[in-house]
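Inspection log for the structure reproduced underneath, given as structure tokens.
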Amino acid sequence: APLLVSGIRLWTMDEKLIQALTWAPRTIGLTSMLIFAYAALRHRVLSARFALNRVVVYGAASIGMILSFAIIEWFVHHLIKFSDYENYVFIDAIIVVTIILVFHRLRNTGEKFIEKIFFHEWHVREETFLKFIHDAPYITRTESLLDAFAKALSAYTNGAGYALYRHTRTGAYERTAASMPKAPKQVDANDPLLIKLRASQAVVHCSDTDTSLPGHIAIPNIHHGELDGVVLLDIKPNGETYRPDELKTLAFAANQIGLDFRALRMEWLRQEKDQLCREKDQLCREKDQWLQDKKELLAMIGKKQD
């Protein structure tokens, strides 16, 4: 469009036509940006609430740093008197560096405080989910842990569909729980999504691979560098994407629950081993008793024959 306008300027001197063509690319550019913004919001490419959260957090931190610098600078300048202006510049530099170092450490605390006030729903859901993760190791049965984790996961993701898979002795991954109807009972270990999970050992978007598995994201459970389990999550019912802090919490939860599952399995194997040892000891005692009875019977038969 700018090249076209330049060419028309050389060809004609009609100012109305030139003005119309000058505004044409601006109108097209503005319309394109509005369409792009609508598409991004319509398809939940960007979480508006998450963007607002970041603006509030970093805005509050920036305002706090500026106010702190102004108050401390005013106090120091009125408390300490220098005849040389360079000394004030040196003191201001020390104040700035100190504030930056302190605020860098206090920002996480301030972020939690702000989220607790302005984003109370996020804070409550995350706090409840993390509380379950903390209490999960004290569940003593695999079935109970599985049911509790499924309920906590559904509550944290606002009812998003899920599918949980665990590694089996055959090498495949078996479905242990699911709310997604299209989730298969078994998944081959060489599925493209599982290969990507083993390679990255991080959260993977299912659409980034050629997998046929349902779901929006896949969360790995890594144990000693091996893929021990997989959590598939569908997109949220309201169409929102998962925020970075949610992905971090979900990845932490998947690994922790995976360790709890493994601990319960190890405990089950230990109990199974103890039961087999007890049965073996019982069989050995019965065998020894049978041999003793046989010896006594043979001795009695020998005496009668004599």
Side-chain angles (χ1 to χ4, degrees), residues 126 129-154 156-157 160-180 182-235 242-277:
E126 183 176 3
F129 191 54
L130 291 177
K131 185 178 183 301
F132 163 75
I133 299 301
H134 177 269
D135 297 341
Y138 300 98
I139 299 176
T140 58
R141 290 195 307 163
T142 303
E143 296 80 6
S144 300
L145 177 61
L146 193 62
D147 293 340
F149 179 56
K151 292 178 181 177
L153 190 64
S154 180
Y156 183 67
T157 58
Y162 62 87
L164 310 180
Y165 290 89
R166 300 294 300 171
H167 190 246
T168 61
R169 296 178 180 178
T170 61
Y173 289 80
E174 183 178 356
R175 188 186 68 195
T176 56
S179 63
M180 289 190 294
K182 295 183 179 180
K185 292 183 178 180
Q186 278 195 345
V187 179
D188 186 74
N190 292 315
D191 184 274
L193 179 60
L194 270 59
I195 294 174
K196 184 69 173 179
L197 288 172
R198 279 195 293 269
S200 64
Q201 298 191 359
V203 178
V204 174
H205 286 78
C206 299
S207 58
D208 292 340
T209 65
D210 295 330
T211 184
S212 60
L213 294 174
H216 178 62
I217 59 173
I219 308 168
N221 165 223
I222 305 297
H223 182 72
H224 290 174
E226 298 294 332
L227 184 63
D228 200 36
V230 179
V231 177
L232 294 179
L233 282 177
D234 206 353
I235 198 166
Y242 293 94
R243 306 187 309 271
D245 60 305
E246 288 179 316
L247 294 177
K248 184 178 179 180
T249 301
L250 288 168
F252 169 75
N255 273 323
Q256 290 299 116
I257 295 299
L259 292 175
D260 297 336
F261 272 116
R262 178 170 284 272
L264 287 176
R265 178 169 177 78
M266 295 298 294
E267 179 62 22
W268 179 82
L269 290 174
R270 187 190 65 79
Q271 293 178 0
E272 190 75 11
K273 178 184 175 183
D274 293 342
Q275 179 64 25
L276 291 174
C277 289

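This structure is a prediction, so every number in the text was calculated from the model and none was measured.
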Check: Which pairs count as salt bridge (charged side-chain N to carboxylate O under 4.0 Å, His left out) when at least one residue sits in residues 129-148, sequence neighbours excluded?
Finding: K131-D135
Item checked: salt bridge (charged side-chain N to carboxylate O under 4.0 Å, His left out) partners of residues 187-211, not counting sequence neighbours, each pair once -> none
Which distance, rounded to the nearest 0.5 Å, do you find between the [atom1] of [X] and the [atom2] of [Y]?
X    : Y    : atom1 : atom2 : value
N255 : I219 : CG    : CD1   : 10.0 Å
N190 : I195 : CG    : CD1   : 5.0 Å
I139 : I257 : CD1   : CD1   : 7.0 Å
D234 : H216 : CG    : NE2   : 8.5 Å
K182 : S212 : NZ    : OG    : 11.5 Å
L193 : L197 : CG    : CG    : 4.5 Å

Within the 4.5 Å heavy-atom criterion, are [X] and [Y] side-chain neighbours or not?
X    : Y    : value
H134 : L130 : no
L164 : F149 : yes
R166 : D228 : yes
Q186 : Y165 : no
L250 : L153 : yes
F261 : N221 : no

Notebook entry, point to check: Between C206 and P214, what is the shortest heavy-atom contact and its length?
Noted result: SG-O, 4.3 Å
Next item on the list: Please report the shortest heavy-atom distance between A189 and G171, naming the atom on each side.
Entry: CB-O, 3.2 Å
Main-chain N/O of [Y] paired with [X] side-chain donor or acceptor, under 3.5 Å:
X    : Y    : result
S154 : A150 : no
Y173 : L227 : yes
S179 : Y162 : yes
Q201 : P220 : no

